[in-house]
A.B. asks: 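Following this message is one structure expressed as C-alpha cells.
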Amino acid sequence: VQLQASGGGLVQIGGSLRLSCTASELIFTQYVMAWFRQAPGKEREFVAAINRSGVRKNYADSVAGRFIISRDNAKTTVYLQMNSLEPEDTAVYYCAANRGSNFYNRGSYDYWGQGTQVTVSS
C-alpha cells in the first residue's frame, strides 16, 4: 500500500494551497481518509477526515471554515484545500487511511503517506 502526498510548499499569510494524496494497492472506497499534521516539537494532530462516500467530513476546530477535505474515489485521491493560511498552519502534512470508523484517533489509521511540508511565511 502506498499513499503519495504532494502539493506542499511555501506560501504567504492568507494564501492557499491544495494538497493531494493518491492511494495505490488498496481498495480506496473501503477506507476513511484523513489529513494530520505535525509541527516541529509537537505531536501529530488531526486536521480533517472524510468518510468512504465523501458525504461526512470532520475538521479540527483550528481549521474549520478555512480547510476543505474532499475525495475522488475514481482517482483514489483525497484532497485538502487550505485557504486563509496562517503561520500556525506550518507543519508537515500527512494523509492516512483507516478501515474503521474513528476519525480522530491517529492510532486508528492503518496506512500513512510520507508527508508534505507546508510553510506559511509571515
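All values derive from a computational prediction rather than experimental measurement.
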A.B. asks: Does R52 form a side chain to side chain contact (heavy atoms under 4.5 Å, CB included) with V32? I'd like the steps, not just the answer.
C.D. replies: CA-CA 5 Å; R52 293 163 181 82; V32 167; 3.4 Å; yes
A.B. asks: Quickly, which of Y104, Y31, F36, W35 forms a ring pair (Phe, Tyr, Trp, His ring centres under 6.0 Å) with Y109? Name it, please.
C.D. replies: F36
A.B. asks: Does one hydrophobic cluster hold both W112 and V92, with members joined at side-chain heavy-atom distances below 4.5 Å?
C.D. replies: yes
A.B. asks: Is a side-chain N or O of Q114 found less than 3.5 angstrom from the main chain of A5, in a donor-acceptor match?
C.D. replies: yes
A.B. asks: Give the intermediate values and the outcome of side chain to side chain contact (heavy atoms under 4.5 Å, CB included) for residues Q30 and R99.
C.D. replies: CA-CA 6 Å; Q30 292 184 349; R99 285 208 63 177; 3.3 Å; yes
A.B. asks: For S6 and Q4, which I'm curious about, is there any donor-acceptor pair between the side chains at under 3.5 Å?
C.D. replies: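 Looking only at side-chain atoms, Q4 and S6 do not form any donor-acceptor pair under 3.5 Å.
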A.B. asks: Report yes or no: do L10 and L19 belong to one cluster of Ile/Leu/Val/Met/Phe/Trp/Tyr joined by side chain heavy-atom distances under 4.5 Å?
C.D. replies: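 Hydrophobic grouping puts L10 apart from L19.
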A.B. asks: Please give me the minimum heavy-atom distance between L80 and A48, naming the atom from each residue.
C.D. replies: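 Closest heavy-atom pair between L80 and A48: CD1-CB, 4.2 Å.
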A.B. asks: Can you check side chain to side chain donor-acceptor pair (under 3.5 Å) on T22 and T77, steps first, answer last?
C.D. replies: CA-CA 4 Å; T22 300; T77 299; 3.0 Å; yes
A.B. asks: Answer yes or no: are there more than 12 heavy-atom neighbours, outside Q12 itself, under 6.0 Å from its atom CD?
C.D. replies: no
A.B. asks: I would like to know whether R71 and I69 meet side chain to side chain contact (heavy atoms under 4.5 Å, CB included); could you show each step before the answer?
C.D. replies: CA-CA 7 Å; R71 65 190 293 162; I69 189 170; over 6 Å; no
A.B. asks: Looking only at atom types and distance, does a side-chain atom of N73 sit under 3.5 Å from a main-chain N or O of T76, one as donor and one as acceptor?
C.D. replies: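 It does not hold such a pair.
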A.B. asks: Consider side-chain hydrogen bond (donor to acceptor under 3.5 Å, both in side chains). Of T116, T90, D89, which one does R37 pass it with?
C.D. replies: D89
A.B. asks: SG/C95 to OH/Y79 distance, rounded to the nearest 0.5 angstrom?
C.D. replies: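 That separation rounds to 12.0 Å.
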A.B. asks: At what distance, to the nearest 0.5 angstrom, does CD of E45 lie from CD of Q38?
C.D. replies: 9.5 Å
A.B. asks: Looking at every non-hydrogen atom in both residues, tell me the closest pair between A34 and A49 and how far apart they are.
C.D. replies: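 So the two residues come closest at CB-CB, 3.8 Å.
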A.B. asks: How about P87 and I13: do any of their side-chain heavy atoms sit closer than 4.5 Å?
C.D. replies: yes
A.B. asks: Atom CZ in R66, atom CD in Q81: separation rounded to 0.5 Å?
C.D. replies: 12.0 Å
A.B. asks: Calculate, to the nearest 0.5 Å, the distance between atoms CE and OG belonging to M33 and S70 respectively.
C.D. replies: 11.5 Å
A.B. asks: Locate the shortest heavy-atom distance separating V118 from G8; write the atom from each residue and the value.
C.D. replies: CG2-CA, 4.1 Å
A.B. asks: Heavy atoms only: give me the nearest F28-D72 pair and the separation to one decimal.
C.D. replies: CE2-O, 4.0 Å
A.B. asks: With rounding to the nearest 0.5 Å, note down the distance linking OH in Y59 to CD1 in I68.
C.D. replies: 6.0 Å
A.B. asks: Within the 4.5 Å heavy-atom criterion, are F103 and I50 side-chain neighbours or not?
C.D. replies: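 Answer no - side chains too far apart.
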A.B. asks: Show the nearest heavy-atom pair for residues N105 and N102, with the distance to one decimal.
C.D. replies: N-OD1, 3.1 Å
A.B. asks: Test side chain to side chain contact (heavy atoms under 4.5 Å, CB included) on D110 and L26; report intermediate values, then the result.
C.D. replies: CA-CA 11 Å; D110 304 292; L26 84 170; over 6 Å; no
A.B. asks: To the nearest 0.5 Å, what is the distance between SG (C21) and CG (L3)?
C.D. replies: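 Rounded to the nearest 0.5 Å, the SG-CG separation comes out at 4.5 Å.
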A.B. asks: Where the side chain of R44 meets the backbone of R106, is there a donor-acceptor pair that is under 3.5 Å apart?
C.D. replies: no
A.B. asks: Only counting residues at least two apart or in another chain, list the ones meeting ring pair (Phe, Tyr, Trp, His ring centres under 6.0 Å) with Y94.
C.D. replies: none
